[in-house]
2 protein chains.
Amino acid sequence: MRPLFHPAIEDVRPEAILHALADPSRAAIFATIMRAGCVEACSALAAVGDRVIPKSSLSNHFKVLREAGLIRSERHGVELRNASRWAEVEARFPGLLPGIINAYASDAGACPRDAERAAAR
Amino acid sequence: MRPLFHPAIEDVRPEAILHALADPSRAAIFATIMRAGCVEACSALAAVGDRVIPKSSLSNHFKVLREAGLIRSERHGVELRNASRWAEVEARFPGLLPGIINAYASDAGACPRDAERAAAR
DNA sequence: CCCATAGTTCGGAACTTCGGAACTATGGGA
DNA sequence: TCCCATAGTTCCGAAGTTCCGAACTATGGG
């Protein structure tokens, strides 16, 4: 458990980032870590929207984000603090993260309405 | 087979785009369609780098790109012509596609050297 | 030493992806 | 018209991935 693996920024691959953020829960977790002034415990994110994420799935989501090079996790006492690696990733792949985060943000407005429409059928 | 389904641009979801482009073969296919002046037959893309892609996998890749809203396919005689929906997607999610395409492009330089280094061990 | 809390690992069920073989659709001769 | 060639699609089994509950490990506080 101890040695949390973080890839060096030059080993970060675009496909890993896209794969990590192609899951809306993971994208939401990542967006929260970014917005939250860059440090957040895993358990603070146990829900996305109104959906509860089981601990084991959460643990896996964090692992995927970590191994994609998107976040850095450190043990602080009994909990894990997660910081986004935004600046590093932005330097390596300029425009990638803003594009993705904006896409999800602009979609968030459309999504509830879609859900209503779907429910109305 | 006949009715090729294309989502309306407002139904296109960011996670579908990320998922479609998280596969390097599909990203390469999409980049080629874009660069090639926007129209290309499926079979013109039967290889990515030096790797041959079987017909059935190719067909599936095109389907994923189509259903993600990234390309538009039309039958022209016996073949399918594929055009990228870049402008529409760019209008809906500004910066998303350039960010992704640039990330892959800037990684392409790093990749062969990585391969050499790995081979040298 | 024991307990509580925070995460990780394990393992099986459900889902996805890959690719070969067989199939369908379209157009061009003869 | 019939047959052939070409371009894609569908089917299906093997291999891989994801999800999540249960059991486990690590850390710190009585």
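Naming convention: chains lettered A, B, ... in sequence-line order (proteins, then strands); numbering from 1 in each chain. If you're wondering where the values come from, they're calculated on a predicted model, not measured in any experiment. Computed from heavy atoms alone, side chains included, the values below leave out hydrogens, waters and symmetry copies.
Judged by distance alone, with hydrogens and angles left aside, the side-chain atoms of B:R66 form no donor-acceptor pair with the main-chain N or O of B:R72 at under 3.5 Å. Between the side chain of B:S59 and the main chain of B:K55, no donor-acceptor pair closer than 3.5 Å is present. Although no hydrogens or angles enter the test, the distance criterion places no donor-acceptor pair under 3.5 Å between the side chain of B:H6 and the main chain of B:E67. Put simply, the side chain of A:D11 never gets that close to the backbone of A:P7: no donor and acceptor are under 3.5 Å apart. Counting only distance, with no hydrogens or angles, the side chain of B:Y104 and the backbone of B:A31 share no donor-acceptor pair below 3.5 Å. The backbone N or O of B:V12 lies less than 3.5 Å from a partner atom in the side chain of B:R92, making a donor-acceptor pair.
B:L80 places its CG atom 14 Å from the C1' atom of C:dT24, with the value rounded to the nearest Å. The distance from atom NE2 of B:H76 to atom C1' of C:dG27 is 15 Å, rounded to the nearest whole Å. Computed from coordinates, the A:H61 NE2 to C:dG7 C1' distance equals 15 Å when rounded to whole Å. When rounded to the nearest whole Å, the span between CG of B:L4 and C1' of D:dT9 equals 10 Å. For the pair A:R81 CZ and D:dT27 P, the computed distance is 15 Å after rounding to whole Å. Atoms CZ (B:F5) and C1' (D:dT9) sit 18 Å apart, rounded to a whole Å.
Each of B:H76, B:R75, B:R81 was checked for a side chain to side chain donor-acceptor pair (under 3.5 Å) with B:E79, and the lone residue meeting it is B:R81.
Between A:S59 and C:dT8 there is a side-chain polar atom (N or O) within less than 4.0 angstrom of OP1 or OP2. Between D:dT25 and A:R75, no contact under 4.0 Å exists linking OP1 or OP2 to a side-chain N or O. In this structure, A:S57 does not reach the D:dC19 phosphate: none of its side-chain N or O atoms is under 4.0 Å from OP1 or OP2.
Nearest to the side-chain atoms of A:S56 among the listed nucleotides C:dT26, D:dG8, D:dA22 stands D:dA22. With distances taken from any side-chain atom of A:E79 to the nucleotides C:dG7, C:dT8, D:dC20, the minimum falls on C:dG7. Counting only heavy atoms from C-beta on, A:V78 has its side chain closest to D:dT27 among D:dT9, D:dT27, C:dT26.
Nearer the 5' end of DNA chain D, as judged by each residue's closest nucleotide, is the contact made by B:L58, out of A:I53 and B:L58. DNA chain C is contacted by both A:K55 and B:P54; A:K55 maps to the nucleotide lying nearer its 5′ end (nearest heavy atom per residue).
Here A:S57 contributes atom OG and A:R26 contributes atom CZ; the two are 10.5 Å apart, rounded to the nearest 0.5 Å. Interatomic distance, CG of B:N82 versus OG1 of B:T32, reported as 11.5 Å (0.5 Å rounding).
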Nucleotide by nucleotide, nucleotides 11-17 of chain C touches protein heavy atoms under 4.0 Å in the pattern (B base, S sugar-phosphate only, - none) ------S
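For the helix from C:dC1-D:dG30 to C:dA30-D:dT1, the end axes, each set by the C1' atoms of five terminal pairs, are bent relative to each other by 0° (nearest 10°).
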